[in-house]
> 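Submitted below is the structure of interest, expressed as structure tokens.
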Amino acid sequence: MRRNMTGPMSANEPRPEAVDIAPEWSPASWRQRVALQQPSYPDAGRLEAVRAELSRLPPLVTSWEILALKRQLAEAQEGRRFLLQGGDCAESFDDCESGLISNRLKVLLQMSLVLVHGLRMPVVRVGRFAGQYAKPRSADTETRDGVSLPSYRGDLINAAAFTAEARTPDPRRMIEGHARSAMTMNFVRALIDGGFADLHHPEYWDLAWVRHSPLAQEYQRLVDAIGDAVRFMETLAGEAIHNLNRVEFYTSHEALLLHYEECLTRQVPRQWGWFNLSTHFPWIGMRTADADGAHVEYLRGVRNPVAVKIGPSVTPDQLLRLIDVLNPADEPGRLTLIHRMGREKIGTALPRLLEAVRREGRRVLWVADPMHGNTESTGSGYKTRRFENIRGELEDAFDIHAAAGTRLGGVHLELTGEDVTECLGGARELTEADLGRAYRSSVDPRLNYEQSMELAMLIVRKRMGSGSPLRSAPSAGSADP
Ligand code: PEP
Ligand code: CO
């Protein structure tokens, strides 16, 4: 998603002769396996009609964007880039709204600027948006006052209200989800093409409600320093530096509802193989990551870069098997492993996995999700996460990778540009009493602006072993925001 994008012809890659790519695979071969976390649609005819319609609708991304992202992820694997992946736990159809979309983009752009400047390397920016509409649930049904109904599985499947009508899975929601994803993507592309991400105008990324935050002021100093450096470079060059207005932004979502993913899996002219054209970077969640299950079967056959969430119960053998299935030829950039252990468990669970992958010489990109292993409920019933646990898991992740001789190449976060109070702690030391004030998530608690920026600064400190990145000297070399 950028202007001056390389066209389809330049992304042509010959099919590697030597490797047998995804033998006996088809976009529908997942149906021969056990598919967890799928809704049961009451009307098979209606499902088939929707599948036919969805299969004809235009795709949301292109194969050359997907292959460009794969090359960037390969660079992250080699320590030449850092991946920032973030967004809502779940998007909702109602939240497909300009302010919410642009605020989320603003936070991600600001965080990536902190990372680029502090890490002195380009950042791969991936949003958890434009399709993050399906959620895994711990139970198939929910019971309230003796009434049991299907669990809410995300807007792509059913509605959240506790009525039989709302909770009945409706395949037409896949058409609606495709449309809302397209609208989101269209708006993000238009903003970026229109210069929203231009380094000459970082003021576009200011969020009105955080103007007085101490972190916003520190951030402003960094922006001013970068502005000075840009003007200095342009004075030296005697002209404007144009590529500062170029930025790449990619999308990702959990590939959970396999009917939806299958219908958007396409072949394209002048390319071999199949692409999931609903998103650049599909991932599968911890609950559906069985190497013999339907989700892994689906993912193994698409040419997108793919990611898998790795929880604390995964054994080294299971992980190596997963790598064999998803990336048999060790293709660079193909496979990202997102570990989400929880602060308590990361110290015991992660080292043996890193050791096994290193010992076998497998090529993966390691990314930390410090959110999903640290979810808890308060006495008053809020689902929350403590900032100190999120920070602690992330810091431990860097240390554990350093000790194992592997590299942590990115983070996966749940965050929002809204002024929410969903995670405890952070710069404003949010307490349980604050949660009631602005708790908006219908699923997992998200970092707010200050908590997100604090984490970005922490990453720089851990990676560079220095003080606050915002106090270091400006660098004119950091052209890629
Ligand atoms: C998620 O990313 O929202 C999620 C459900 O994660 P996990 O599969 O790691 O629990
Ligand atoms: Co979540």
Side-chain angles (χ1 to χ4, degrees), residues 8 10-30 32-33 61-81 83 124 126 250 252 255 261-262 265-268 270-277 279-284 288-310 314-339 353-367 405-407 409-410:
S10 63
N12 257 351
E13 276 174 22
R15 179 181 174 128
E17 297 293 339
V19 249
D20 192 9
I21 304 291
E24 290 162 44
W25 181 91
S26 83
S29 57
W30 62 269
Q32 315 305 319
R33 306 289 180 98
V61 301
T62 64
S63 60
W64 59 92
E65 290 168 346
I66 288 170
L67 294 174
L69 172 62
K70 204 194 265 182
R71 285 191 289 273
Q72 291 197 5
L73 293 170
E75 287 176 19
Q77 225 171 289
E78 289 161 14
R80 293 190 280 117
R81 277 183 186 268
L83 171 70
V124 192
V126 179
Y250 297 98
S252 65
E261 306 301 333
E262 180 194 327
T265 300
R266 312 277 173 86
Q267 286 179 302
V268 299
R270 293 179 293 278
Q271 289 284 2
W272 59 270
W274 294 82
F275 291 84
N276 181 329
L277 297 180
T279 188
H280 299 110
F281 192 17
W283 83 80
I284 49 179
T288 49
D290 179 353
D292 297 312
H295 291 79
V296 172
E297 169 60 17
Y298 167 73
L299 223 52
R300 93 185 159 96
V302 294
R303 287 191 61 200
N304 302 56
V306 299
V308 187
K309 296 281 204 90
I310 304 295
V314 173
T315 65
D317 284 349
Q318 284 170 335
L319 185 60
L320 292 172
R321 170 100 208 288
L322 206 50
I323 296 172
D324 272 341
V325 174
L326 288 173
N327 196 17
D330 260 335
E331 182 195 0
R334 158 73 177 168
L335 182 59
T336 296
L337 300 178
I338 306 172
H339 49 76
L353 299 179
L354 301 185
E355 164 56 21
V357 174
R358 197 184 55 80
R359 191 185 57 234
E360 298 296 317
R362 302 313 300 257
R363 298 171 73 169
V364 301
L365 171 62
W366 289 106
V367 167
T406 49
R407 187 183 294 114

> First locate atom CG of Leu277, then atom CD of Glu65, and finally report the distance between them rounded to the nearest 0.5 Å.
9.5 Å
> Okay, side chain of Asn327, backbone of Arg334: is any donor-acceptor separation there less than 3.5 Å?
no
> Roughly how far, to the nearest 0.5 Å, is OG1 of Thr62 from CZ of Arg266?
13.5 Å
> Do Val306 and Phe281 make a side-chain contact, defined as non-hydrogen atoms from C-beta onward lying under 4.5 Å apart?
no
> Regarding Thr265 and Tyr298, do their side chains bring together a donor and an acceptor under 3.5 Å, going by distance alone?
yes
> Please name the pair of heavy atoms, one in Ala255 and one in Glu261, separated by the smallest distance, quoted to 0.1 Å.
CA-OE2, 3.6 Å
> What pair of heavy atoms forms the shortest contact from Ala289 to Val308, and how long is it?
CB-CG1, 3.6 Å
> For the residue pair Ile66 and Thr279, what are the closest heavy atoms and their distance?
CD1-O, 4.1 Å
> Hey, mind stepping through Leu299 and Leu326 against side chain to side chain contact (heavy atoms under 4.5 Å, CB included) and telling me if it holds?
CA-CA 7 Å; Leu299 223 52; Leu326 288 173; 3.9 Å; yes
> Is there a donor-acceptor contact under 3.5 Å from the side chain of Gln318 to the main chain of Thr315?
yes
> Show the nearest heavy-atom pair for residues Trp25 and Glu297, with the distance to one decimal.
NE1-O, 2.8 Å
> Just so I know, are the side chains of Gln267 and Gln271 near enough to count as touching, which here means a heavy-atom distance under 4.5 Å?
no
> Could you walk me through whether Trp30 and Glu262 pass the side chain to side chain contact (heavy atoms under 4.5 Å, CB included) check?
CA-CA 9 Å; Trp30 62 269; Glu262 180 194 327; 3.0 Å; yes
> How long is the gap from OG1 on Thr336 to CG on Leu83, to the nearest 0.5 Å?
6.5 Å
> Strictly below 4.0 Å, N to O, side chains only: are Arg321 and Asp292 in salt-bridge contact?
yes
> Going from CG on Leu320 to CG on Asp324, what distance comes out if it is rounded to the nearest 0.5 angstrom?
7.0 Å
> For Arg363, what residues pass the side-chain contact (heavy atoms from CB on, under 4.5 Å) criterion, not counting sequence neighbours?
Gln77, Glu78, Asp330, Pro332
> Kindly give the heavy-atom pair with the smallest separation between Pro305 and Pro282, and that separation in Å.
O-CD, 3.4 Å
> Side chains of Phe275 and Leu67, heavy atoms from C-beta outward: is any pair under 4.5 Å?
yes
> May I ask you to check if Arg303 and Trp272 form a cation-pi contact, with NZ or CZ under 6.0 angstrom from the six-membered ring centre and within 45° of the axis?
yes
> I'd like to check Asp290 versus Val296 (side-chain heavy atoms, cut-off strictly below 4.5 Å). Are they in contact?
no
> Side chain to side chain contact (heavy atoms under 4.5 Å, CB included), that's the test. Do Ile310 and Leu319 meet it? Break it down for me.
CA-CA 8 Å; Ile310 304 295; Leu319 185 60; 3.6 Å; yes
> Supply the atom-to-atom distance Ser63 OG to His280 NE2, rounded to the nearest 0.5 angstrom.
10.0 Å
> Please verify the inter-ring angle class for His339 with Trp366; under 30° counts as parallel, over 60° as perpendicular, anything in between as tilted.
tilted
> One pair to check against side chain to side chain contact (heavy atoms under 4.5 Å, CB included): Val325 and Ile323. What are the steps and the verdict?
CA-CA 5 Å; Val325 174; Ile323 296 172; over 6 Å; no
> To the nearest 0.5 Å, tell me how far Leu337 CG sits from Leu365 CG.
8.0 Å
